[in-house]
Trainee: 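Here you go, one structure.
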Amino acid sequence: MSQAEVHHINHPLIQHKLTLMREKDRSTSSFRRLLHEISMLMAYEVTRDMPTQLIDIETPLETMQSPVIDGKKTVFVSILRAGNGFLDGMLSVVPGARVGHVGLYRDPKTLGAVEYYFKMPHSMHERDAVVLDPMLATGNSAVAAVDRLKETNPKSIRFVCLLAAPEGIKNFHEAHPDVPIYTAAIDRGLNDHGYILPGLGDAGDRMFGTK
Ligand SMILES: O=P(O)(O)OC[C@H]1O[C@H](OP(=O)(O)OP(=O)(O)O)[C@H](O)[C@@H]1O
Ligand SMILES: O=c1cc[nH]c(=O)[nH]1
């Protein structure tokens, strides 16, 4: 991968569903279903260059060599809580993937990321990591998650979000220029409380109905 890549995935199906998710009166169940659908669609782009290997199979007519992916070599890393909304859809597309979790919350005053949980699969040096969090706002959570993930030495890392603020992209790539970002939208900026504008509000609260 070259340095500091940002992939803006602006497929019409994704953009349509994202518009629905942004609407403030969208129900919790609808919000969750849309995120699931978008994450399945984004999985296509994020896994586009996944390595395949040829295996021998028999069709009803003859034998052939045909490509398969080794899903076990992929680890989806969900940044709790909201990353779990992305995880379901990604796992529908790559069911053999392993899963790691990083528990982080934003301190509402400093907007710094506070870690409360970290668990990865074994043999991370053999795995390609895909970090999942719908929101890249200040970027502090994503930077902290990737800082910790790099301690486990995965083969590669990419970061996938739904909405990114320009401030978050800048902060993230200053810390991790080697990690490409995949996002469905780049919004205008942040408000005084670190929320993305126009955004979609608090992703975790909307997904889990906690507000
Ligand atoms: O880029 P940042 O400024 O760090 O903001 C992004 C973080 O904020 C949200 O999580 P939150 O802290 O609200 O925790 P939650 O997912 O448990 O609700 C979101 O899911 C990201 O993890
Ligand atoms: O707009 C934002 C910013 C951070 N976290 C969210 O869930 N939403």
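In listed order, ligands and their atoms are each counted from 1.
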Trainee: In the protein, what heavy atom is nearest to atom 6 (C) of ligand 1, and what distance, to one decimal place, separates them?
Mentor: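 Protein heavy atom with the smallest distance to atom 6 (C) of ligand 1: M135 O, 3.5 Å.
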Trainee: If the cut-off is 4.0 Å to any non-hydrogen atom of N140, which atoms of ligand 1 fall inside it?
Mentor: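 Those qualifying, in numeric order: 1 (O), 4 (O).
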Trainee: Note the single closest protein heavy atom to atom 1 (O) of ligand 2, along with its residue, its atom name and the distance in Å.
Mentor: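 Sorting protein heavy atoms by distance from atom 1 (O) of ligand 2 puts I196 N, 2.8 Å first.
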Trainee: Below 3.5 angstrom, do we get any N/O pair linking G194 and ligand 1?
Mentor: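 G194 vs ligand 1: no N/O contact under 3.5 Å.
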Trainee: How far is atom 11 (P) of ligand 1 from its nearest protein heavy atom, and which residue and atom name does that atom have?
Mentor: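 Result: R106 N, 4.3 Å.
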Trainee: Tell me: protein heavy atom nearest atom 2 (C) of ligand 2, and distance?
Mentor: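 Ranking protein heavy atoms by distance from atom 2 (C) of ligand 2, first comes Y195 CD2, 3.3 Å.
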Trainee: Among all protein non-hydrogen atoms, which one is nearest to atom 19 (C) of ligand 1, and what is the separation to 0.1 Å?
Mentor: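 In this structure, atom 19 (C) of ligand 1 has D133 OD1, 3.5 Å as its nearest protein heavy atom.
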Trainee: Among G139, G112, S141, G85, whose heavy atom sits nearest atom 1 (O) of ligand 1?
Mentor: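 Answer by nearest heavy atom: G139.
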Trainee: Is the shortest N/O to N/O distance between M135 and ligand 2 below 3.5 Å?
Mentor: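 Among all N and O atoms of M135, none is under 3.5 Å from an N or O of ligand 2.
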Trainee: For F172 and F159, I'd like to know if the aromatic rings sit close, meaning centre-to-centre distance below 6.0 Å.
Mentor: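 Ring centres of F159 and F172 closer than 6.0 Å.
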Trainee: Mark up the atoms of ligand 1 that fall under 4.0 Å of a heavy atom belonging to Y105, in ascending order.
Mentor: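 Near Y105, meaning under 4.0 Å from one of its heavy atoms, ligand 1 has 12 (O).
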Trainee: Minimum distance, heavy atoms only, to atom 3 (C) of ligand 2: which one of A137, A203, G168, A82 is it?
Mentor: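 Result: the heavy atom closest to atom 3 (C) of ligand 2 is in A137.
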